[in-house]
Number of protein chains: 2
Amino acid sequence: MTTSADERLDLVFGALADRTRRRMLAQLASAPASITELAAPHNMSLPGASKHVRVLEHAGLVRRTIDGRVHRCTLDLAAMRTADDWLAHYRAFWDHTLDALTDYVREDPR
Amino acid sequence: MTTSADERLDLVFGALADRTRRRMLAQLASAPASITELAAPHNMSLPGASKHVRVLEHAGLVRRTIDGRVHRCTLDLAAMRTADDWLAHYRAFWDHTLDALTDYVREDPR
DNA sequence: CAAACAGTAAACCATGTGGTTTACTGTTTG
DNA sequence: CAAACAGTAAACCACATGGTTTACTGTTTG
């Protein structure tokens with residue numbers, strides 16, 4: 001199951017492409033939560049929330065530990081970096097082109 | 001058409017969640033390209049590439065200027081920042097928790 | 001132990017996605 | 001001007017997605 005970089009990025013960006021899941025991540029950033037607690041703010045059925053958590057878990061953004069009948073979900077920061085590292089490449093790129101643009105405007109102000 | 005922050009993030013992350021589109025962006029980072037030129041590296045039909053470009057354009061990641069019969073596509077860095085800014089929030093967060101973890105390990109090494 | 005609770009499984013629905021082919025519009029060029 | 005070219009439109013396909021409801025498993029608790 002050698003998950004390629006492309007596969008990981010597909011999963012992470014795909015997981016982030018839904019506002020409900022992004023809000024769940026925000027919630028988990030402040031404290032771990034159960035599935036029920038994650039469902040509550042979204043007036044969403046439990047199976048609905050369960051599916052979102054599975055997507056987040058599959059993308060590696062959330063880990064789950066089962067304690068009796070309650071599933072405790074926590075943020076996984078490592079997976080968040082996968083997306084960040086990809087974007088970092090472009091961050092450097094756009095900083096550079098901003099510089100290039102500045103130089104251009106300075107040297108050739110007509 | 002007041003595109004909300006959530007809507008913009010949905011579109012940007014959704015656009016980034018496909019490896020073909022990510023490769024197109026990488027190609028555009030080195031030079032602007034036509035639809036045909038974007039299709040070429042992926043053995044993809046022209047309509048296929050056209051749809052991908054439309055997704056990227058709709059997400060604000062690509063701009064297009066039409067010159068005769070050829071469409072010139074260029075990267076739009078501003079939209080890339082939308083995703084980066086969202087992630088930046090978590091970047092700070094995980095740096096902080098790494099620090100917190102380090103402190104914890106130092107102060108309580110049992 | 002019975003009832004309430006946390007969660008998953010499965011079936012279902014509408015809509016979106018990634019891709020094709022075939023047909024068309026409009027532009028460039030021999 | 002006819003032929004080649006760049007691209008879009010539309011119809012189609014298989015499959016994924018976001019959501020529901022209904023039924024189930026297993027755990028906690030009065």
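Proteins get letters first, then strands, A, B, ... in listed order; numbering begins at 1 in each.
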Quiz item: Rounding to a whole Å, what distance do you find between A/Asp10:CG and D/dC15:C1'?
Solution: 15 Å

Exercise. With a 4.0 Å heavy-atom cut-off, tell me which residues in residues 48-75 of chain B come close to DNA chain D, sorted by residue number.
Key: B/Ser50, B/Arg54, B/Arg64, B/Arg69, B/Val70, B/His71

Quiz item: Nearest-Å distance, NE2 (A/His42) to P (D/dG19)?
Solution: 10 Å

Quiz item: Do B/Thr74 and B/Leu28 come within less than 4.5 Å of each other through their side chains, counting heavy atoms only?
Solution: no

Practice problem: Please report how far the helix from C/dC1-D/dG30 to C/dG30-D/dC1 bends, comparing the axis fitted to its first five pairs with the axis fitted to its last five, to the nearest 10 degrees. | Solution: 20°

Quiz prompt | Pair B/Asp18 + B/Arg23: basic N to acidic O under 4.0 Å | solution = no

Quiz item: Taking OP1 and OP2 of D/dA6, is either one under 4.0 Å from a side-chain nitrogen or oxygen of B/Ser34?
Solution: no

Quiz item: Quick one: B/Leu11 CG to C/dT17 C1', roughly how many Å, whole number?
Solution: 14 Å

Quiz item: Do B/Met44 and B/Leu38 touch side chain to side chain, with heavy atoms closer than 4.5 Å?
Solution: no

Self-check item: Integer-rounded Å distance: D/dT27 C1' and A/Ile35 CD1
Solution: 16 Å

Quiz item: Quick one: is D/dG18 close enough that its OP1 or OP2 comes under 4.0 Å of any side-chain N or O from A/Arg19?
Solution: no

Quiz item: On DNA chain D, nearest-nucleotide positions of A/Gly14 versus B/Glu37: which is more 5'?
Solution: B/Glu37

Practice problem: Would you check if A/Leu16 and B/Trp86 make a side-chain contact, meaning some heavy-atom pair closer than 4.5 Å? | Solution: yes

Quiz item: Hey, is the main chain of A/Glu37 close enough, under 3.5 Å, to the side chain of A/Gln27 for a donor-acceptor pair?
Solution: yes

Practice problem: Would you mind reporting whether B/Asp10 and A/Arg19 have side-chain heavy atoms less than 4.5 Å apart? | Solution: yes

Quiz item: Taking atom C1' of D/dA6 as reference, at what distance in whole Å does atom CE of B/Met44 sit?
Solution: 17 Å

Exercise. Return the value, rounded to whole Å, for the distance between atom CZ of B/Phe13 and atom P of D/dG18.
Key: 15 Å

Quiz item: Of all the nucleotides listed (D/dG18, C/dG19, D/dG7), which has the minimum atom distance to the side chain of B/Thr20?
Solution: C/dG19

Self-check item: Spacing between B/Leu46 atom CG and C/dT20 atom C1', to the nearest angstrom
Solution: 13 Å

Quiz prompt | Check: B/Tyr90 side chain, A/Asp84 main-chain N or O, donor-acceptor pair, under 3.5 Å | solution = no

Quiz item: Does B/Arg72 reach the side chain of B/Pro32, with side-chain heavy atoms less than 4.5 Å apart?
Solution: yes

Quiz item: Does a salt bridge link B/Asp76 with B/Arg63, judged by any charged N lying under 4.0 Å from a carboxylate O?
Solution: yes

Quiz item: Can you tell me how far P of C/dG19 sits from CG of B/Leu38, to the nearest Å?
Solution: 14 Å

